[in-house]
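A quick write-up on the structure given underneath.
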Amino acid sequence: MIKPVLLWTDALVFLLVAVIVAFVLYARHREHLRTPWREVLRSRLAMASLVVLAAYVLTGLLDSVHFRKALPVKNGQQEIQYSGEVLSLFDLLMGPVRTQVEKSYSAPFAVRLYTREAVIGPDGVQRRIYPRLRYGGRHLADPDRERGPDIARRATLAAAETAAAALLILWLSSWRLARRHAETPRRMARQLLRGDLDLPWRTALATVSLLLLLLFMLYNLAGAYHVFGTDKVGQDVLYQTLKSIRTGLVIGTLTTLIMLPFAIALGMMAGYFRGWVDDIIQYLYTTLNSIPGVLLIAAAVLMMQVYIANHPELFETMTERADMRLLFLCLILGITSWTGLCRLLRGESLKLRELEYVQAATAFGVARATILIRHLLPNLMHLVLIAVVIDFSGLVLAEAVLSYVGVGVDPTTLSWGNMINRARLEMAREPMVWWSLLAAFVFMFGLVLSANLFSDAVRDAFDPRLRQRQ
Amino acid sequence: MGEKLLEVFDLRTRIGRGPRAVRPVDGVSFHIRRGETFALLGESGCGKSMTALSLLRLLPPAGRIAGGRVELDGENLLALTERGMRSVRGNRIAMIFQEPMTSLNPVMTIGSQIGEVLELHKGLRGDALREKTVELLDAVGIPDAARRHGEYPHQLSGGMKQRVMIAIALAGEPDLLIADEPTTALDVTIQAQVLDLLRDLQKRYGMAVLLITHDLGVVAQMADRVAVMYAGQIVEQAPARRFFDTPQHPYSRRLFQALPDSSKRDRPLTVIPGSVPPLDRDFTGCRFAERCDRAWLHCRTQAPGWFDTGADAGVLCHLFDPGLVPETAPEATQEAGAASPEAPAESGSQPLLVVDGLQVHFPIQRGLFKRTVGHVKAVDGVSLDIPTRRTVALVGESGCGKTTVGKGILQLIRPTGGSVRFDGDELTRLRGERLRKRRADFQIIFQDPFSSMNPRMQVGDIIEEGMVAQRIGGDRAQRRARVEALLQQVGLRPEHAGRYPHEFSGGQRQRICIARTLAVNPKLIVCDEPTSALDVSVQAQILNLLKDLQASLGLAYLFITHDISVVAYLADRVAVMYLGRIVEEGSVDEVLEDARHPYTQALLSAVPDIEPDSGRAIIRLQGDMPSPANPPAGCHFHPRCPKARDECRRAYPPETALSPTHKARCFLLP
């Protein structure tokens, strides 16, 4: 028996997904909405980064379906008790990687601990040796000799599996494309591989294959070794960094979701109504802008911390507490970051309100609220979209910085910022523990880079000035 | 005339790659002799500007020259290195652009911008440089050149900026000056000044001018020889006199017939149906065949060749092929039986709109607390009557406040003072919901058909918007039916309702805008320069439509324009505005034939005429219109008036009635 748990951030994430799906369905039959997106996908770089982003998003979504397992029923117990540990679908998929906890630090692919321990041998003599790991490489009888060939064998297997999967996907996609273009699948596949299609399917396929290769590698290796090593309490670093993806995505998307209503409503109102409305909104954001952001965030987060500590009865589990803090961080980041977009939208609204179609609507006696929603808002959306996509990577990085400073997410939440924060001490050890930082860096870099590349393509496609130049 | 300076052979330019590449210049050949003015005439999108840019090799990044030869004094420009080309640009060939506002660098003084060219091409330094700069500014007629030398572009008016641009172009003492629509952005009185200047300079420096324009009047005044461009090709070439006497190509003929003027008042204008075809495809036949009234099957299947029709003259048309017998009847005369329904005879019908002493002042605010330190008196006491079923034209140069009058009447800008009575209601006192309900009766059509429709709404929704806002037209199905009927009424098809504005050409968009205003059954439409963004052939279509609608629906128009020929064709009454006030008002014949105010006279004489030697005395106005924030004391016009007297400087002249319908404000009048 399981009991589903809907965390606040889960609810908002799924709301966001629902909004995006609704938009896609709405835009499918509207040419002016579809064209710029096709333009985005026509860029090979954008296609590749979209595939990578999709992989991150999929991980994040799997990690957003939470539940609690029932505890084994004891004798004479009426009610079912649920475990205090909140798990996600992703945790289930990770299976042994989550549960195989070592004693302490171990390097990537290691079979022994990173630290010497005093062990009493069978002969009763105490020695300081590097003991074997409890899980990493335990299937090897003679690790020193067998480890290399074993890893190579598993990697080769992964490559073979990838090749098979890639061929399957190629066949499936050319079969689908063939049906749409009324062609034979064979010819379609050839065109696809030559890169002759209007969208860069070849790039997409290559990126998917690369990701599949990584996936199969992990599948084959992660169960038997700690691919990115383990941390101080022996937890798998790969598992930590994969769990951090959700935190990063939540910060990057929910913050903008919270900020958007403020920025859009206030920006449009300031630009369209002008006069005293404009004055008030301008004073508001100028004031807010002149308070150092970190100060405001620190103050708010610390207040929240005290509140949570004083009201433990509000939260059933630790995860819920940590989640509330994450949500609050999004909220406070959103409140401090709406000013930039608001100013941009105010300027654009000032321009749009003088345009003749807005004047024509006024001449028809169209109500002002209708003008705002029907004439201003759709013509501002490209700016909103560009801002959201560009802000995303900035927010992911901001989380890392804030957690490093200590005012970010809850210390129990797995996040790249927390990993980097811990790595501060690990890097000072002798010998140095470098893999936590490396893992956080690699995964964060992948997300931010693909988000940046994608946002470049989005801006190019939506910026009317650039579009004219083509 | 002298020897050939520039020869262009079969020039071809492509923009973009692949089969969908645009071919704005597709096999253009011409030559320009030393010291002559060669005009390249054509509608927008015909490739005129691209031809000029190709000569200088200044194409946009995606463009390239695909073939042909450009020889300047026998030297092939297309074979030069980029470095060699730089010494040609500005030095031997100079160019001035259409938009003087954006052609100058706003953070450099005009002196240093001219000096830059002198330094580069003439190697001048120090005092010699400054002296030469001042001399050039003097030459282009900038008063007080020594002081202006240190000023920035924003301190100059539009006409002055264009003079500075010309000075920069002259700095390299070029053999050839390319002028790309040099006066299109300027008012007629300023245009006349700049054209005069160009002619003077050409004589003095003996340079050749390649004049690119869409304005037949400008061509008639300036050009020695004319080439007409259509869809990337030159379709006719002839000496100017001959071209204006007997245009040969069907397209050229139609251009002349589509020009509105007073002699065509009582019949519809000849239109060229359709618009210029997109240039991203191959053409099998003649490019004009689709729109030509004399085309026959041969024209659609076989591209015409070039036929010489005399010295320096030729036509690209099958009609002139001696080996072919045209299969059409001689040009159909549209005039017979095409007269529009007789305008209602009774004059002096009830005024629909009475504007009395309308004022629109914009406060000038300074400082932290936005203290009002003055007012821009955009409209300062305008009185106007508009009868039902009549067209009143409001004429004036840009900045005189004519658009503000239109918006003030419609309450899009709330007037500062005066009264606007529409059908018995005082509009300036209506507020909120009551004004919103009344708005159906008076509507507006804007100048720019590109920015007057929301690009993210379907045409059907755009037309329906007014009906929804006014809660008229029944339920959704009935409204849809009305949208389709309206589209047909303005000459579009019902299925266009499902498309987006960007899928239409300029003329079609203006039709949609007209349909949109008609949807709420207005009684008065303010037309704010509805045709000035359109080409002549398309302008004729819209003017015809407006005239038809007036006859069938009994609309009254307030026609705001700067184009005198449109006024002559369409208006019943004319009011001439200068600096926020009406200086002369009367029936169209009275004002255009017998103008009494010196400003009206100057305005009318400055309009370029397509008759090359009409023997008209041309009154040249000096200077620019003063700022409405700080109008001159006395008569606003006196600083520019050739007949100004002492009393003009002291007080604003009272209204003088010249006839029951004709009045003007000038001390010179009895």
Side-chain angles (χ1 to χ4, degrees), chain A residues 23 26-27 29-36 42 196 198 272 274-276 278-280 282-283 286 348-349 351-385 460 462 464-470, chain B residues 15-16 60-62 370 403 406-407 409-413 430 432-458 461-472 498-503 509 513 516-517 519-520 522 525-526 528:
Chain A
F23 174 78
Y26 176 83
H29 301 293
R30 282 169 181 75
E31 197 50 45
H32 68 280
L33 293 173
R34 253 178 54 179
T35 323
R42 213 161 270 160
D196 282 351
D198 56 339
Y272 183 71
R274 297 176 60 184
W276 61 269
D278 188 21
D279 285 345
I280 290 177
Q282 273 196 69
Y283 285 133
T286 322
E348 188 72 9
S349 305
K351 193 185 93 190
L352 288 178
R353 81 187 291 276
E354 299 301 329
L355 277 191
E356 287 166 347
Y357 59 81
V358 178
Q359 302 246 321
T362 317
F364 280 124
V366 177
R368 291 199 286 192
T370 318
I371 291 181
L372 280 181
I373 291 169
R374 193 181 306 160
H375 293 290
L376 253 55
L377 187 59
N379 289 293
L380 290 173
M381 278 328 267
H382 68 285
L383 285 181
V384 174
L385 189 83
D460 288 356
F462 280 85
R465 269 166 304 177
L466 286 172
R467 220 182 318 168
Q468 277 166 8
R469 221 181 292 160
Q470 282 161 1
Chain B
I15 294 180
K370 304 203 171 154
T403 296
K407 289 187 176 167
I409 290 173
L410 296 185
Q411 308 298 310
L412 289 176
I413 299 174
L430 284 186
E433 197 56 24
R434 290 187 51 213
L435 176 62
R436 247 168 42 75
K437 290 229 172 79
R438 206 76 178 84
R439 282 192 181 280
D441 286 341
F442 39 94
Q443 281 301 315
I444 183 164
I445 300 170
F446 292 98
Q447 169 177 2
D448 184 2
F450 291 87
S451 70
S452 57
M453 279 184 285
N454 187 341
R456 295 178 197 270
M457 281 168 74
Q458 289 179 352
D461 295 331
I462 290 172
I463 296 176
E464 211 180 296
E465 183 170 37
M467 289 191 268
V468 175
Q470 294 291 337
R471 300 200 182 83
I472 53 176
R499 300 216 196 141
Y500 287 93
H502 68 88
E503 297 171 54
R509 287 187 202 203
C513 290
R516 170 172 71 174
T517 55
V520 292
I525 299 182
V526 174
D528 188 358

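Each chain gets a letter, A, B and so on, in the order its sequence line appears, and its residues count up from 1.
Separation of atoms CZ (A:Arg274) and CD (A:Gln282) is listed at 10.5 Å; rounding is to 0.5 Å.
Between B:Ala519 and B:Ile463 the shortest heavy-atom distance is CB-O, 3.6 Å.
The parts of B:Arg516 that come within reach of chain A are both its backbone and its side chain, each placing non-hydrogen atoms under 4.5 angstrom from that chain. Neither the backbone nor the side chain of B:Lys437 comes within less than 4.5 Å of any heavy atom in chain A. Both the backbone and the side chain of B:Asp448 have a heavy atom closer than 4.5 Å to some heavy atom of chain A. At a 4.5 Å heavy-atom cutoff, the contact between B:Met457 and chain A is made by side-chain atoms alone.
In terms of modelled atom types and a separation under 3.5 Å, the side chain of B:Gln443 and the main chain of A:Ala360 share no donor-acceptor contact.
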Between A:Tyr272 and A:Leu372, is the side-chain contact (heavy atoms from CB on, under 4.5 Å) condition met? List the steps. CA-CA 8 Å; A:Tyr272 183 71; A:Leu372 280 181; 3.7 Å; yes
